[in-house]
Amino acid sequence: MRAAVFQGVEEPLEVEEVDEPDCPEHGVVVETEACGICRSDWHAWRGDWDWIGVVPTPGLIFGHEPCGRVVEVGDQVQTVSEGDLVTNPFNLGCGRCHHCRSGRSNVCERSVPMGFIPIQKGAFAEYYSVREADQNVVVLPDDADPTAVAGLGCRFATAFHGLVHRVDVTAGDWVAVHGCGGVGLSAVHVADALGANVIAVDLDETKLDRALDLGADRTVDVTAVEDVPQAVKKHTENSRGVDVSVDALGIADTVQNSVNSLGKTGQHLQIGMTTSEEGGEVSLPVDTMVTDEREFYGSYGCPQVEYDEIFRMMDTGKLDPGRIVGETVSLDDVPGVIENLGDYDTVGIPVCTEF
Ligand SMILES: [Zn+2]
Ligand SMILES: [Zn+2]
């Protein structure tokens with residue numbers, strides 16, 4: 001089969017012929033129909049995340065936002081059948097640890113991130129396998145649009161899990177979103193659907209316009225203001241600060257701007273992960289966080305059991321991940337698209353739809 005294969009840190013991926021994946025006893029093999037291209041692919045390609053144990057090796061296939069049709073089912077699988085249209089969270093749960101058993105498979109004790117380590121290759125390929133299918137595979141309605149589902153990918157699902165299940169967003173809350181890439185636009189759209197007043201923050205006008213389309217009520221253009229947190233706060237009554245602030249990028253500036261945009265008792269939601277520049281460490285105004293009782297939440301992926309909530313909101317039109325999709329490309333374009341994510345000028349989510 002054809003696949004986009006990792007050659008080494010910051011070396012262009014090569015599209016080459018490789019062996020099709022074997023079907024695990026507890027897993028499935030899926031024929032790929034669509035796979036989102038994510039900033040996480042770019043981070044891994046740059047060798048950014050060795051401090052969290054992600055060290056890609058040559059031969060690895062990226063791609064963790066897949067949608068496709070099941071072509072082979074392992075003997076031990078009970079809930080997935082050949083022909084099912086499926087997706088899965090990017091971090092695959094074991095199905096047996098206490099987190100998996102309590103519905104929090106996104107923080108599984110033995111979690112396996114798809115497309116980042118050799119034992120679970122990803123979906124920039126004609127076929128991919130998914131381990132522990134009963135735990136991880138989400139069976140979709142047969143008429144679901146694979147491109148929109150791939151757009152749901154890790155970014156939309158992560159934004160949903162973070163805003164719905166980690167912090168407390170209620171109607172009328174001020175929610176700031178710092179960074180309007182794929183996950184940021186997803187956060188804008190989800191926060192709007194939850195009834196929040198949304199402030200989108202970015203340095204790119206096109207992305208801010210896109211955020212307004214997706215439900216942002218106010219914007220802050222970082223290039224036009226001196227003090228980003230103050231500019232965000234200005235949109236709230238008496239500049240009291242926002243109730244929830246999301247860092248959807250993961251560089252020191254956006255983490256700090258987000259925490260400093262909060263009002264008293266505000267909640268910061270960290271979705272973006274840092275680059276080599278930060279190495280996972282960013283300094284924070286700890287004393288103010290104490291005296292204001294501000295909170296810092298991490299949010300990592302989305303457990304499989306929460307996908308139903310997203311699909312119910314998609315059914316009624318309240319959420320539409322397809323709107324975040326920026327462009328569709330073919331497998332041959334994947335190496336270039338991943339490389340270009342370093343320019344930060346990609347609008348919306350690119351999805352590979354031709355393999
Ligand atoms: Zn587990
Ligand atoms: Zn992703």
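Read the numbers this way: they start at 1 and go in the same order the structure lists the ligands and their atoms. None of these values were measured; they are calculated from a predicted model. Heavy atoms only: backbone and side chains are in, while hydrogens, waters and symmetry mates are out.
- Backbone or side-chain N, O or S atoms of Cys97 reach the Zn ion (ligand 1) at under 2.8 Å.
- Residue Asp227 qualifies as enclosed at atom CG: its count of foreign heavy atoms under 6.0 Å is above 12.
- A salt bridge links Asp142 to Arg69: one of the charged nitrogens lies within less than 4.0 Å of a carboxylate oxygen.
- Here NZ of Lys234 is found 14.0 Å from CZ of Arg218. Values are rounded to the nearest 0.5 Å.
- The pair Arg96-Glu132 meets the salt-bridge criterion, since a charged nitrogen lies less than 4.0 angstrom from a carboxylate oxygen.
- Within the 6.0 Å centre-distance limit, the rings of Phe90 and Tyr300 are counted as a close aromatic pair.
- Atoms of the protein (N, O or S only) found under 2.8 Å from the Zn ion (ligand 2) are Cys38 SG, His64 NE2, Glu65 OE2, Cys154 SG.
- A salt bridge is defined here as a Lys NZ or Arg NE, NH1 or NH2 lying under 4.0 Å from an Asp or Glu carboxylate O, and Arg240 with Asp243 meets this definition.
- At a threshold of 2.8 Å, the Zn ion (ligand 1) has a backbone or side-chain N, O or S atom of Cys100 nearer than that distance.
- Between Glu293 and Lys264 no salt bridge is recorded (no basic side-chain N to carboxylate O distance below 4.0 Å).
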